[in-house]
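A, B, ... follow the sequence lines: proteins, then strands. Residue 1 opens every chain.
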Protein chains: 2
Amino acid sequence: MATTRDRQLVEQWRSIQDSYFRTAGAIDRALEAKFDIGLNEFEILDLVAESTDAACRMKSLGERTPMTQSAVSKVVDRLEKAGLVSRQTCADDRRSLFLELTDAGRALHESAAVEHRALLKENLG
Amino acid sequence: MATTRDRQLVEQWRSIQDSYFRTAGAIDRALEAKFDIGLNEFEILDLVAESTDAACRMKSLGERTPMTQSAVSKVVDRLEKAGLVSRQTCADDRRSLFLELTDAGRALHESAAVEHRALLKENLG
DNA sequence: CCAAGCTATATGACACGTCATTGAATGACA
DNA sequence: TGTCATTCAATGACGTGTCATATAGCTTGG
């Protein structure tokens with residue numbers, strides 16, 4: 001039974017999807033073009049950049065993004081390969097790692113964040 | 001320069017991401033578990049189901065979802081393999097195809113739509 | 001202090017989406 | 001009508017995400 005309430009829900013959902021994909025797509029393409037990193041890479045970079053504590057963070061990153069633990073691990077692989085972050089072993093728990101921006105990483109993050117914020121503003125109104 | 005406006009934007013964006021992924025994820029897992037189709041498959045099924053005209057529709061589907069043309073093509077592959085839709089050649093333009101639900105497709109769509117709507121209501125409030 | 005279980009991260013197999021390209025059909029225009 | 005550009009859909013190569021599992025280190029109860 002297709003109620004009008006159902007139709008409303010579906011319309012609402014499609015509009016969410018649409019604006020989500022448009023925004024994410026625009027940011028992703030812009031970052032890719034100008035800084036050669038994808039949106040997920042940037043978002044991890046952004047999380048690392050805003051972490052002030054020296055805590056062990058691979059774990060805590062996982063809690064602050066919808067990405068899977070293994071997705072985070074692979075994104076960090078790429079960031080590390082690109083020389084933007086480095087994994088530091090953690091003295092008090094040797095299973096854990098924490099991440100540090102390299103100088104290159106910090107520099108790139110600063111420019112990319114400007115772009116990111118601008119596109120958010122443009123797309124979220 | 002990180003303004004508080006920037007922080008607001010970022011918070012807003014993360015909250016959108018979060019609710020988008022939670023909703024999409026919940027629906028996807030439920031449909032996968034109960035009907036053995038993913039969210040994208042369902043959404044194409046849903047679009048086909050609500051198309052009344054007998055127009056050639058592969059094309060028009062592409063305009064009603066954020067999916068790529070090639071993504072749509074592959075989703076339809078899977079739906080066809082699963083016996084839920086069939087591709088019909090189009091007399092007035094032989095490049096085009098239109099899609100039809102099979103009986104199985106219609107039946108599955110009816111049950112799955114109930115679940116889909118329920119989860120939307122639950123997640124979109 | 002050892003065994004059993006738990007936690008943090010990495011990895012391999014696999015599924016799916018994207019981009020670029022192809023093939024086929026159509027349209028447009030000299 | 002013959003050429004050239006355009007449009008619709010399919011496909012292959014490739015990147016990245018997920019799930020299940022592996023590995024290593026920590027923890028706890030006997």
Side-chain angles (χ1 to χ4, degrees), chain A residues 17 20-22 24-33 36-45 47-48 55-82 85-100, chain B residues 17 20-22 24-33 36-45 47-48 55-82 85-100:
Chain A
Q17 278 187 309
Y20 178 75
F21 279 115
R22 251 178 325 116
I27 298 176
D28 191 59
R29 279 186 297 276
L31 294 178
E32 199 74 65
D36 203 42
I37 62 171
L39 178 53
N40 282 348
E41 278 83 355
F42 173 79
E43 294 195 329
I44 292 298
L45 220 53
L47 287 175
V48 175
C56 309
R57 277 193 251 91
M58 279 298 283
K59 182 65 196 318
S60 85
L61 283 184
E63 292 156 5
R64 291 192 278 167
T65 129
M67 285 182 246
T68 306
Q69 175 264 317
S70 91
V72 172
S73 176
K74 292 179 183 187
V75 169
V76 171
D77 279 352
R78 276 172 255 142
L79 289 173
E80 198 173 28
K81 241 160 238 158
V85 303
S86 72
R87 284 187 237 237
Q88 310 285 141
T89 64
C90 196
D92 44 306
D93 184 345
R94 277 175 313 196
R95 291 167 303 182
S96 293
L97 298 172
F98 67 98
L99 302 178
E100 249 180 21
Chain B
Q17 277 188 309
Y20 178 75
F21 279 115
R22 246 175 332 114
I27 297 175
D28 191 58
R29 279 186 297 276
L31 294 178
E32 199 73 65
D36 203 43
I37 62 172
L39 178 53
N40 282 349
E41 278 82 358
F42 173 78
E43 293 193 329
I44 292 298
L45 220 53
L47 287 174
V48 175
C56 310
R57 280 194 249 91
M58 279 299 282
K59 182 67 195 320
S60 84
L61 283 185
E63 292 157 5
R64 291 191 279 167
T65 126
M67 285 182 246
T68 306
Q69 176 263 318
S70 89
V72 172
S73 177
K74 291 178 184 188
V75 168
V76 171
D77 279 351
R78 277 173 255 142
L79 288 172
E80 198 174 28
K81 241 161 238 159
V85 304
S86 73
R87 283 186 237 238
Q88 311 284 141
T89 63
C90 196
D92 43 307
D93 184 347
R94 275 176 311 194
R95 292 167 302 182
S96 294
L97 298 172
F98 67 98
L99 301 179
E100 248 179 23

TODO: Calculate the interatomic distance between B/Gln17 atom CD and D/dG17 atom P; express it in whole Å.
DONE: 12 Å
Task: Spacing of A/Met58 atom CE relative to D/dG25 atom P, expressed in whole Å - done: 17 Å
Open item on the list: Categorize A/Ser70 for me: base, sugar-phosphate, or nothing, with a 4.0 angstrom heavy-atom threshold over every strand shown.
Closed with: base
TODO: Indicate the atoms forming the closest heavy-atom contact of B/Leu61 with B/Leu99, along with that distance.
DONE: CD1-CD1, 3.5 Å
Open item on the list: What is the distance, to the nearest angstrom, from the CD1 atom on A/Ile44 to the P atom on D/dT16?
Closed with: 14 Å
TODO: Enter the distance from B/Ser73:OG to B/Arg87:CZ here, rounded to the nearest 0.5 Å.
DONE: 5.5 Å
Open item on the list: Could you tell me how far apart A/Leu61 (CG) and C/dT9 (P) are, to the nearest whole angstrom?
Closed with: 9 Å
- [ ] Rounded to the nearest 0.5 Å, what's the gap from CG on B/Leu31 to CG on B/Asn40? Could you check?
- [x] 11.0 Å
Task: Nearest-0.5 Å distance, CD of residue B/Gln88 to SG of residue B/Cys90 - done: 10.0 Å
TODO: Examine D/dT18: is either OP1 or OP2 under 4.0 Å from a nitrogen or oxygen in the side chain of A/Thr68? Give yes or no.
DONE: yes
Task: 5′-ward residue of the pair A/Val72/B/Pro66 relative to DNA chain C - done: A/Val72
Task: Nucleotide nearest A/Lys59 when distance is taken to its side chain, options D/dT11, C/dT9, D/dC26 - done: C/dT9
TODO: Take the protein atom CD of A/Glu43 and the nucleotide atom C1' of D/dT16, then report the distance between them rounded to whole Å.
DONE: 15 Å
- [ ] Indicate whether OP1 or OP2 belonging to D/dT16 is found under 4.0 Å from a side-chain N or O atom of A/Asn40.
- [x] no
TODO: Using a heavy-atom cut-off of under 4.0 Å over every strand shown, decide if B/Arg87 touches base, sugar-phosphate, or nothing.
DONE: sugar-phosphate
Open item on the list: Is there a side-chain contact between B/Arg94 and the phosphate of D/dC8, meaning an N or O under 4.0 Å from OP1 or OP2?
Closed with: no
- [ ] Using only heavy-atom distances, decide whether a donor-acceptor pair under 3.5 angstrom links the side-chain of A/Gln69 to the base of C/dA8.
- [x] no
- [ ] Figure out the CZ/P separation between A/Arg29 and D/dG15, and round it to whole Å.
- [x] 19 Å
Open item on the list: Expressed as a whole number of angstroms, how long is the span from A/Asp77:CG to C/dT9:C1'?
Closed with: 10 Å
Open item on the list: Go nucleotide by nucleotide along DNA chain D from the 5' end; which of A/Arg95 and A/Met67 gets its closest nucleotide reached first?
Closed with: A/Met67
TODO: Can you see which heavy atom on A/Gly62 is nearest to which on A/Val72, and at what distance?
DONE: CA-CG2, 4.4 Å
Task: Separation of atom CG in B/Asp28 from atom C1' in D/dC19, rounded to whole Å - done: 13 Å
Open item on the list: I'd like to know if A/Lys74 reaches the base of C/dT9 with its side chain, counting only an N/O donor and acceptor under 3.5 Å.
Closed with: no
Task: Nucleotide nearest B/Leu97 (side chain, heavy atoms from C-beta), chosen from D/dA9, C/dG17, C/dT9 - done: D/dA9
